[in-house]
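Below is one structure, written out as structure tokens; the observations come after it.
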Amino acid sequence: APLASERRKGRAEAQWQHAALFDACSLGRFVALVDCMTQTAHVTAVMQAMQAMLVWLRSGRKLLVVAVALGPEGQVVLDPAPEQIKAEVDQLWSNAAKLFDTVPAVSAANEVQAKMIKGQRPKARIPLTQVLEGCSHYNNHLAEVNRDLGAHLDEAMTLAEQAYAPLHRIKKFELSWFANAFRSGDRPPRPGRSSELLRKADELTELQATSESMKVVCATGAITLDGRELRSNIAPGLTKVIEVVKAAAAG
């Protein structure tokens with residue numbers, strides 16, 4: 001009887017150890033599944049954000065406000081430049097992925113690791129940026145966002161060149177004719193005829209009136225163009241130029 005009892009006890013202990021080992025293995029698989037599901041949710045969140053931007057771009061609603069400026073040659077430019085805007089949007093998705101990667105995995109918790117046996121702990125989580133790079137659905141959405149955003153920016157650039165043409169003409173005059181005439185100092189050389197100066201003064205006065213009445217905030221598609229700062233920066237210099245040109249013509 002004692003021998004039979006010992007055997008039963010041994011079988012019970014073996015069954016208990018087997019059950020404990022099974023539970024430990026199941027815990028490891030369960031934790032790995034939770035880690036996988038969590039990262040899947042992160043991928044879904046990034047994809048939903050991209051889809052929301054696509055819907056917004058295609059809806060005609062305003063998404064970005066871009067300032068209008070004049071380049072070194074007086075040409076109308078967007079600030080920030082279209083390429084910079086597209087790069088920032090690309091960076092938005094990778095930054096979102098990096099932010100999700102800062103969320104600790106369930107398997108990394110000390111309390112969880114303490115309850116798992118060695119060899120059953122899940123492997124290190126693959127960075128979300130790497131997961132997204134290998135996802136064709138993500139790459140297709142990214143290409144669509146870049147294409148649609150690029151089309152909106154191209155339209156905005158065309159509108160800017162048309163809408164802010166008077167400011168471009170003012171800057172071009174300042175860089176060419178006025179710079180050449182007054183390069184020797186504040187006092188221009190006295191011309192043989194003042195008709196050219198008077199004509200330039202009239203032209204600048206007309207441009208000044210046009211710039212004061214022009215619509216400095218306009219929009220196309222998802223882009224709103226803001227030229228208020230550009231006009232306010234040009235206005236004082238233009239007034240001074242007109243005064244100097246008129247004085248030179250009178251003298």
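Since the model is a prediction, treat every value here as computed from it, not as a measurement.
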Quiz item: Are Val217 and Ile234 connected in the hydrophobic side-chain network, where two residues link if heavy atoms are under 4.5 Å apart?
Solution: yes

Self-check item: Short side-chain to backbone donor-acceptor contact, Asp101 and Leu128, under 3.5 Å
Solution: yes

Practice problem: State, with a plain yes or no, whether a side-chain heavy atom of Leu63 is found less than 4.5 Å away from one of Ile223. | Solution: no

Quiz prompt | Closest non-hydrogen atom pair, Pro82 against Leu78 | solution = CG-CD1, 4.0 Å

Practice problem: Measure the shortest side-chain to side-chain distance between Gln162 and Thr158 over non-hydrogen atoms and say whether it is less than 4.5 angstrom. | Solution: yes

Quiz item: What's the shortest heavy-atom distance between Val68 and Gly227, and which atoms?
Solution: CB-CA, 4.3 Å

Quiz prompt | More than 12 heavy atoms from other groups under 6.0 Å of CD on Glu229 | solution = no

Quiz item: Is it true that a side-chain atom of Arg231 and a backbone atom of Met214 form a donor plus acceptor pair closer than 3.5 Å?
Solution: yes

Practice problem: For Asn139 and Gly134, indicate whether the former's side chain and the latter's backbone hold a donor-acceptor pair under 3.5 Å. | Solution: no

Exercise. Could you tell me whether the side chain of Leu64 reaches within less than 4.5 Å of the side chain of Leu149, counting heavy atoms only?
Key: yes

Quiz prompt | Close side-chain approach of Val89 to Met53, heavy-atom, < 4.5 Å | solution = yes

Quiz item: Looking at side-chain heavy atoms only, is the closest gap between Trp93 and His141 below 4.5 Å?
Solution: no

Quiz prompt | Minimal non-hydrogen separation, Met50 against Val145, with atom names | solution = O-CG2, 4.0 Å

Quiz item: Any sub-3.5 Å donor-acceptor pair from Tyr164's side-chain atoms to Leu159's backbone N or O?
Solution: no

Quiz item: Ignoring hydrogens and geometry, is there a side-chain-to-backbone donor-acceptor pair from Glu83 to Ala81 under 3.5 Å?
Solution: no

Quiz prompt | Enclosure of Ile126 CD1 (heavy-atom neighbours >12, cutoff 6.0 Å) | solution = no

Self-check item: Neighbour count >12 (heavy atoms, 6.0 Å) for atom CZ, Arg58
Solution: yes

Quiz item: Looking only at atom types and distance, does a side-chain atom of Trp56 sit under 3.5 Å from a main-chain N or O of Gln51, one as donor and one as acceptor?
Solution: no

Quiz item: If every non-hydrogen atom of Val66 is compared with every non-hydrogen atom of Pro80, which pair is closest and at what distance?
Solution: CG1-O, 3.8 Å

Quiz item: So, do Val76 and Met157 sit near enough that their side-chain heavy atoms are less than 4.5 Å apart?
Solution: yes

Self-check item: Over 12 foreign heavy atoms within 6.0 Å of CD, Glu206
Solution: no

Practice problem: Provide the closest heavy-atom pair for Ala156 versus Leu225 in the form atom of the first, atom of the second, distance. | Solution: O-CD1, 3.5 Å

Exercise. Report yes if the side chains of Thr38 and Val103 come closer than 4.5 Å at any heavy-atom pair, otherwise no.
Key: no

